[in-house]
Amino acid sequence: MPQKSVINYMQKIVIKGNKELSGKIKISGAKNSVVALIPAAILSDEEVTLYNVPNISDTKSLLDIIKLLNGKAEYKDETLKIDCHNIQNIVVPEDLSNKLRASYYFMGALLSKYKHAEIYFPGGCNIGSRPIDFHIKGFEKLGAKVTIEGNKYTFDAEHLKGARIYLDFASVGATINIMLAAVKAEGTTYISNAAKEPEIVNVATFLNNMGAKISGAGTSEIKIEGVDRLGKGVIDVIPDRIEAGTYIIIGALLGKDLTIEGIIEEHVEALLSKLKEMGVNIKVKKNKILLNHPEKFNAINVKTLVFPGFPTDLGQPMSALLTQADGMSIFEETIYENRMGHIKYLQKMGANIIVNERTAIITGPTKLKGQAVEATDLRAGATMVIAGLIAKGTTTISEIGHILRGYENIVEKLTEVGADIKIIEVED
Ligand code: EPU
């Protein structure tokens with residue numbers, strides 16, 4: 001019998017650019033918080049509730065792991081209830097762990113709860129080698145034995161015991177993972193040179209609401225006094241400072257009385273300071289930012305750093321803005337080795353950029369023209385959206401799954417303020 005041919009479809013984002021944007025964009029809950037809060041929830045022996053949870057594919061991928069472990073999750077209207085009092089410690093397979101980076105938080109959480117965890121190496125954006133050696137060293141300091149077979153990691157501990165742990169680099173993931181592993185350990189753990197990102201404070205607050213004893217989150221030394229049990233807890237996911245930053249950059253380029261709502265000003269301070277230097281018209285009032293694009297942007301230099309420095313996750317979006325600045329700007333990425341994947345597409349659209357390893361020299365202003373481009377990773381994808389919005393003509397972005405991992409309703413939010421943007425399905 002002849003076989004029926006199967007047609008595969010793929011989604012693309014299509015943008016007709018060069019339109020001013022007006023109105024309001026509301027910021028969703030932070031991806032990089034919720035992806036740690038969900039694994040943290042399994043530590044509780046009762047039901048926990050998370051508010052302001054973004055409906056992004058990373059949330060779904062983590063809930064698939066919760067369900068695999070036999071946990072219960074109910075997600076409705078941005079509220080997520082998780083009950084893991086009856087979960088089972090099952091091996092987290094590679095097809096679930098490699099969907100995203102944050103699956104690695106199940107290492108710390110399962111190790112803490114069961115003193116045993118089996119899980120495959122995480123996925124995530126291809127922006128550098130991204131080892132997890134600091135996580136592993138931290139778990140070992142707490143008393144765990146770690147066995148690595150291929151991509152599979154097995155963690156075992158008779159007891160987890162509080163320890164002094166120094167991080168060679170203030171890693172966000174290692175700080176959170178060690179916090180999760182240490183929260184029920186015997187005695188006190190100190191993490192020094194801890195990362196200070198707001199997402200870490202959000203996770204520590206959630207754990208404390210469940211009964212943990214963590215102090216110093218948001219500073220470079222975190223103290224974790226082990227407790228026996230964690231119970232009911234609630235948390236509001238903080239607003240996504242990277243999503244906010246992406247829309248703020250869009251507003252700087254195209255805003256005509258464009259308001260970005262639901263931000264925490266201190267979380268976007270480094271970006272606002274750079275935009276002011278460029279001559280962008282910004283008014284901040286409580287948790288809102290009103291943006292009007294200037295006629296001309298000053299060229300500036302941007303160097304990514306750990307919080308409260310300029311965030312690496314906004315370096316790529318910022319590079320699209322720098323193509324419109326008058327003169328030579330320098331963009332330097334210091335956190336990852338490979339965050340320049342988007343540059344060739346900006347060049348294809350007409351940008352004048354020279355890349356030397358982690359540095360891009362961007363000379364502007366150049367008028368961008370719509371082209372077929374690719375979202376090579378999440379923030380590269382956001383950068384292509386920005387470039388498409390400012391370009392003349394039509395931009396078609398492929399591999400948009402990367403974008404949908406981290407930006408809730410991006411097409412709807414931009415359409416609402418006047419952008420011509422849609423998702424289409426085409427034959428693969
Ligand atoms: N690093 C190591 N060894 C480790 C851990 C990190 O060498 O054990 C290195 C990394 O290779 C990198 C640097 O340290 O060069 C920083 O890594 P970090 O651990 O801080 O990053 P992460 O936890 O893997 C999170 C976010 C990233 C964000 C960074 C920095 C999540 C799930 N991911 O990654 O988000 O760029 O912190 O702020 O929270 C994104 O959202 O686009 C994204 C990549």
Side-chain angles (χ1 to χ4, degrees), residues 28-40 54 56-59 61-62 97-108 121-141 146 148 153 165-181 191 193-203 220 237-238 240-246 267 270-271 304-318 333-339 341-342 358 375-383 401-408:
S28 302
K31 167 182 96 77
N32 287 346
S33 261
V34 82
V35 296
L37 294 167
I38 293 173
I56 49 178
S57 61
D58 271 11
T59 303
S61 301
L62 290 170
S97 71
N98 74 9
K99 286 230 171 85
L100 75 171
R101 192 83 197 149
S103 58
Y104 59 22
Y105 291 132
F106 281 100
M107 295 177 174
F121 195 77
C125 290
N126 182 12
I127 49 182
S129 58
R130 307 186 81 182
I132 56 167
D133 51 328
F134 306 152
H135 306 234
I136 304 295
K137 279 186 208 158
F139 297 153
E140 284 173 339
K141 280 245 162 169
V146 184
I148 306 168
Y153 285 66
I165 298 168
Y166 167 79
L167 297 178
D168 290 341
F169 182 85
S171 151
V172 172
T175 302
I176 293 179
N177 231 344
I178 293 167
M179 237 164 43
L180 295 175
I191 309 176
N193 196 27
K196 295 183 278 200
E197 271 68 3
E199 292 75 18
I200 287 154
V201 181
N202 208 200
V203 176
S220 56
V237 180
I238 53 169
D240 194 314
R241 63 197 169 93
I242 307 302
E243 185 203 21
T246 305
H267 293 182
L271 172 66
T304 63
L305 293 167
V306 295
F307 189 82
F310 193 95
T312 170
D313 297 340
L314 286 177
Q316 291 161 300
M318 191 69 177
E333 164 61 30
T334 72
I335 312 292
Y336 296 107
E337 311 93 81
N338 185 19
R339 241 183 170 168
H342 63 296
R358 298 185 188 192
T376 50
D377 60 71
L378 168 59
R379 307 302 169 189
T383 310
H402 288 296
I403 303 175
L404 305 181
R405 278 189 44 217
Y407 288 88
E408 183 178 46

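Numbers for residues simply follow the sequence, beginning at 1. All of these numbers come straight from a predicted model, not from anything done at the bench. Counting convention: from 1, in listed order, for ligands and their atoms alike.
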Close N or O approach (Y105, ligand 1; < 3.5 Å)
no
What is the nearest protein non-hydrogen atom to atom 14 (O) of ligand 1, stated with its residue, atom name and distance?
F169 CD2, 3.6 Å
Any side-chain to backbone donor/acceptor pair from T175 onto A195? Under 3.5 Å, distance only.
yes
Nearest-contact summary for atom 41 (O) of ligand 1 - protein heavy atom, Å:
R379 NH2, 2.7 Å
Find all atoms of ligand 1 within a distance of less than 4.0 Å from any non-hydrogen atom belonging to R339, and give their numbers and elements.
36 (O), 40 (C), 42 (O), 43 (C), 44 (C)
Can an N or O of E337 be found at a distance shorter than 3.5 Å from an N or O of ligand 1?
no
Quick check against the 3.5 Å criterion: does E337 have a side-chain atom that pairs as donor or acceptor with the backbone of S129?
yes
Distance-only, no hydrogens or angles: does the N177 side chain make a donor-acceptor pair with backbone N or O of Y104 under 3.5 Å?
yes
Is there a donor-acceptor pair closer than 3.5 Å between any side-chain N or O of E243 and the backbone N or O of S28?
yes
Check: of D377, V172, V306, L167, min heavy-atom distance to atom 38 (O) of ligand 1 comes from V172
Does ligand 1 come near enough to I335 that some N or O of the ligand is less than 3.5 Å from an N or O of the residue?
yes
Do any N or O atoms from the side chain of R130 and from the backbone of C125 form a donor-acceptor pair under 3.5 angstrom?
yes
If the cut-off is 4.0 Å to any non-hydrogen atom of I132, which atoms of ligand 1 fall inside it?
4 (C), 8 (O)
To the nearest 0.5 Å, tell me how far R339 CZ sits from T334 OG1.
11.0 Å
Crowding at NZ, K141 (>12 non-hydrogen neighbours, <6.0 Å)
no
Identify, with sequence neighbours excluded, every residue that meets ring-ring contact (aromatic ring centres under 6.0 Å, His included) alongside Y105.
none
Sub-4.0 Å atoms of ligand 1 with respect to non-hydrogen atoms of D313
27 (C), 28 (C), 35 (O), 36 (O), 40 (C), 41 (O), 42 (O), 43 (C), 44 (C)
Can you find a non-hydrogen atom of I127 under 4.0 Å from ligand 1?
yes
Quick check: do V306 and F169 have side-chain heavy atoms less than 4.5 Å from each other?
yes
Shortest heavy-atom approach to atom 30 (C) of ligand 1 - which of N32, L100, T312:
T312
Can you tell me which residue and heavy atom of the protein come closest to atom 3 (N) of ligand 1, and the distance to 0.1 Å?
D133 OD1, 2.7 Å
Mark yes or no for whether N202, through its side chain, and I238, through its backbone, hold a donor-acceptor pair below 3.5 Å.
yes
When you measure from atom 19 (O) of ligand 1 to every protein heavy atom, which one gives the shortest distance, and what is it?
S171 OG, 2.6 Å
Provide the number and element of each atom of ligand 1 under 4.0 Å from a heavy atom of R101.
24 (O)
Top protein contact for atom 7 (O) of ligand 1, by heavy-atom distance:
P131 CG, 3.3 Å
Compare every heavy atom of T246 with every heavy atom of P317, then report the nearest pair and how far apart it is.
CG-OG1, 4.5 Å
Heavy atoms only: give me the nearest R241-P311 pair and the separation to one decimal.
NH1-CB, 4.1 Å
For G173, is at least one N or O under 3.5 Å away from an N or O on ligand 1?
yes
Should the proximity of K31 to ligand 1, defined as any heavy atom under 4.0 Å, be assigned to the side chain, the backbone, both, or neither?
side chain
Counting from 1, what ligand 1 atoms have a heavy atom of R130 closer than 4.0 Å?
11 (O), 24 (O), 34 (O), 44 (C)
Selection from Y336, Y104, F134, F307 by shortest heavy-atom distance to atom 10 (C) of ligand 1:
Y336
